[in-house]
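Encoded as structure tokens, the structure appears first; notes follow it.
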Amino acid sequence: MNLQLFIKDNFISGEWKNISLKKIYSLIDAKKPFEQKSVQKILNALENEGVIVFLDGKYTAVEFSGLIKGTLRGNEKGFAFLVPNDGSDDYFIPNRNLHGGLHEDTVLAKKVENSLKGSSDEAEVVKILERGVKILSGTFYRDRGQNLVRPDDKNYFEDVYIEKGKENGAKTGDKVLVKIIGYFKGYSPDGVVTEVLGKRYELFAEENSIIKGSGFEEKFPKTVLDEVAKIPQEVGDNQLIDRLNLTDRLIITIDGDDSRDFDDAVEVEKLKNGNYKLGVHIADVSQYVKTGTALDKEAYNRATSVYFPDRVLPMLPKELSNGICSLNEGVVRLTLSCIMEISPKGEVVDRQIVKSAIKSKRRMTYNKVEAIINGDADVIAQYADVSSMIMLMAELQSVLTAKRDERGSVDLDIKEAHITYQNGEIDIGQREAKRAYKIIEEFMVLANECVAEFAFYQELPILYRIHEKPTVEKAQTFVEFLKALGINVRWRPENARPSDFSAVLDRVKGEPFYSLVNRVMLRSMQKASYYPENLGHFGLSSKCYCHFTSPIRRYPDLIVHRVIKMVLDGQIGQLNDLYGDFIYETATQTSEKERKANEVERAVDDLYKAKYMENFIGQEFDGVISGVTSFGVFTELENTVEGITKLEDLPRGNYSHDPKTFTLSSSKHTYKLGDKVRVGVMGVDLSSRRVEFIILYKLA
């Protein structure tokens, strides 16, 4: 008998509940000291795993204990919220009930009566199962002879104590990377400085502090680089044998001016029957990144490429991302192609997914494609070999966009910053909405849908890209926001459909608060994620969707490629054994890593925006109120820079905040979302990445 499994099964099944150690000894006839020691060791292990808990002298499974398992989300004021693993509502935990728990720790907690509210939405930490933050960044300082590091992440509200000799040469004001090495109840966590990043308020020290403190690495391990060095940088003729050879086709890439890796290429032709033939050809990264290799494990851990104004942290080394996997102009590359026949009404009437090989004929940019669409004679002449196909692409894009609009796809129009850093200079503008972007977007969305449907109907184990409908609470908040703007809707929050949201955008188009409605609508929606089951995509109004088109920079796409290729190679019988359980693990890993990557990208963008605004302290700008809170008002400028006017910097008055109408008002002054205002730049704090405005007056 496997004693560990026997004990675990009895707890999980509920056979053993609130059972004493003595009773367990009796049930399994553990009389000798070494037998009892083995049992105790197993119980300790199960307790550390969070399977069982020891309360009031008795053991029971967590599932039957009435305790809540979840993750702490700290607040700089010293309290935290417990986010339950089961997706239920969060619980508030005051500092006195944390018992040493800190931001991102996994804990067991019990519900307690909230003496202030008389409700049951408060909890108390019973046991810390796992520490969430193991490495963090912050500012080193000395206080009363002690070395301390104040974390950059204000949610991690405890300073870290650094024992003398473990400061690694850090001096007061240095940005540092710290490894947590111990926890002492009632005291600060104990850490060691592993790297000095530079001085506080220096741009790159602050940027590296954000990146490295979030666990992202720029360099690849030597084991990975050694594997990559053995990968040929050219496609051999023998690799084309079992592939559809498309190297003679007019296939092009369309990307940004500064793009360095190209994982998708496209072609369009008009068929004699009036239909369109669209070919979407995606780099076959799975040919080079093999399952179980050091390269694959590193790609899994990174899960995504991360983009900053001055650099990229790629998922794959440059020898792959910019080399053999990149669909560079004029060279043969291995691809996985989705070739679709589309009717003039936008219906896919036929599709073919094949292993292929291409040779890109042109490396086109969005700007050049836009110029061709707009009739620029010089650019058309320069690219005479592809200009007519690009015009056909624009025609097909219109057809596909109309089809998506018809089914109610939500096409948000969110202001997006375009931040560049060249020769020590930062420039910030608003990213233009080009027709060329729309062409590639429509083609990639359609290919992703076709591949997802192929996998769904064959019941293949892949990662779907899901986007669930908004929660009733968030939908209700959005409806109330619209009412405050004088917009009434007939649909009910519990029955919200994509077409309802799309209709709202059509209704407010041209209004001064149009961009604001887009922003609040985005906040009201769920976050998209990866999942092993097809739950549809609300925003796209798509019944079946996955990510297939960017395997150079997204691990889920790589998984989809591997599964599809196994089907094409006749190995479908092995799929569930290889990927069944792994798909569930990968869904959690890649969704979480994507969330962290987005947070880090936003934080670095905010840093660059703050640094940029240092040049404009004392100057005035027009803006729109983009956020209203109990502690101040946020204003967004035309270039997407957002700053705060603190409550104390508003005209004197007794202000009250109404979250339902998104207003902050006193007897003389009212500030609400969408108000146009004139602001002055008061100051910038690089460490908090905050720009401070003063509202000078409202604009008509």
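The first residue in the sequence is number 1, and the count goes up from there.
A donor-acceptor contact shorter than 3.5 Å links the side chain of Ser666 to the backbone of His669. Distance alone, capped at 3.5 Å, places no donor-acceptor pair between the Asn75 side chain and the Ala80 backbone. Not a single donor-acceptor pair under 3.5 Å links the side chain of Lys596 to the backbone N or O of Phe216. Between the side chain of His467 and the backbone N or O of Gln526 there is at least one donor-acceptor pair closer than 3.5 Å. Between the Asp90 side chain and the Val83 main chain, no donor and acceptor come within less than 3.5 Å of each other. Between the side chain of Thr477 and the backbone N or O of Glu473, at least one donor-acceptor pair lies under 3.5 Å. Looking only at distances, a side-chain donor or acceptor of Thr629 sits under 3.5 Å from a matching main-chain atom of Phe631. Of the possible polar contacts, none joining the Asn654 side chain to the Ser667 backbone as a donor-acceptor pair under 3.5 Å is found. In this structure, Arg435 contributes its side chain and Ala394 its backbone to a donor-acceptor pair below 3.5 Å. Here the side chain of Asn639 pairs a donor or acceptor atom with the backbone of Val641 at under 3.5 angstrom.
Closest approach of Tyr530 and Ala587 over heavy atoms only: O-CB, 3.6 Å. Contact detail for Ser209 and Ser137: the closest heavy-atom pair is O-OG, 2.7 Å. In terms of heavy atoms, Lys415 sits closest to Leu637 at NZ-O, 4.1 Å. Between Tyr464 and Ala452, the shortest heavy-atom distance links the atoms CE2-O, 3.9 Å. The nearest pair of heavy atoms linking Ser626 to Arg523 is O-NH2, 3.5 Å. In terms of heavy-atom proximity, Cys546 sits nearest to Val560 at SG-CG1, 4.4 Å.
Crowding of Asp506 atom CG: a count of heavy atoms from other residues, nucleotides or ligands under 6.0 Å exceeding 12. Summarising the local packing, NZ of Lys698 is surrounded by more than 12 heavy atoms from other residues, nucleotides or ligands at distances under 6.0 Å. Within a 6.0 Å sphere centred on NZ of Lys110, heavy atoms belonging to other residues, nucleotides or ligands number 12 at most. Atom CZ of Arg492 has 12 or fewer neighbouring heavy atoms from other residues, nucleotides or ligands inside a 6.0 Å radius. For CZ of Arg431, the number of neighbouring non-hydrogen atoms (other residues, nucleotides, ligands) closer than 6.0 Å is greater than 12. The 12-atom threshold is not exceeded at CD of Glu432, counting heavy atoms of other residues, nucleotides or ligands nearer than 6.0 Å.
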CA sep, side-chain torsions, deciding dist, call: Glu453, Val348, side-chain contact (heavy atoms from CB on, under 4.5 Å): CA-CA 12 Å; Glu453 288 172 4; Val348 177; over 6 Å; no
Mind running side-chain contact (heavy atoms from CB on, under 4.5 Å) on Asn518 and Tyr514 for me, showing each step along the way? CA-CA 6 Å; Asn518 276 268; Tyr514 173 67; 3.5 Å; yes
What verdict does the side-chain contact (heavy atoms from CB on, under 4.5 Å) test give for Asn97 and Val125, after you've listed the backbone C-alpha separation in whole Å, the side-chain angles of each residue and the deciding distance to 0.1 Å? CA-CA 6 Å; Asn97 287 350; Val125 172; over 6 Å; no
Using the rule given for salt bridge (charged side-chain N to carboxylate O under 4.0 Å, His left out), can you reason through Arg602 versus Asp605, listing the C-alpha separation, both sets of side-chain angles and the distance that settles it, and then say yes or no? CA-CA 5 Å; Arg602 281 197 299 270; Asp605 281 355; over 6 Å; no
Salt bridge (charged side-chain N to carboxylate O under 4.0 Å, His left out) assessment of Glu592 paired with Arg595: CA-CA 5 Å; Glu592 181 63 18; Arg595 181 188 66 80; 2.3 Å; yes
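No option in Arg465, Arg404, Arg407 other than Arg407 meets the salt bridge (charged side-chain N to carboxylate O under 4.0 Å, His left out) test with Glu449. With respect to Glu207, the salt bridge (charged side-chain N to carboxylate O under 4.0 Å, His left out) criterion is satisfied by exactly one of Lys175, Lys212, Arg311, Arg689: Arg311.
For Glu158, the salt bridge (Lys or Arg N to Asp or Glu O under 4.0 Å) criterion is met by no residue, not counting sequence neighbours. Looking at residues two or more places apart in sequence or on another chain, you find a salt bridge (Lys or Arg N to Asp or Glu O under 4.0 Å) between Lys672 and Asp675.
Distance check: Leu607 CG to Leu203 CG gives 5.0 Å after rounding to the nearest 0.5 Å. Between the CD1 atom of Ile440 and the CD atom of Glu442 there is a distance of 11.0 Å, given to the nearest 0.5 Å.
Note on ring orientation: taking the six-membered ring where Trp is involved, the planes of Phe616 and Tyr612 are tilted (angle from 30° to 60°). Classified by interplanar angle (parallel below 30°, tilted 30° to 60°, perpendicular above 60°), the ring pair Phe481/Phe478 is parallel. Between Tyr421 and Phe204, the ring planes lie perpendicular to each other; the angle is over 60°, past the 30° to 60° tilted range.
Under the 3.5 Å distance criterion, with hydrogens and angles disregarded, no donor-acceptor pair is assigned to the side chains of Thr365 and Asn367.
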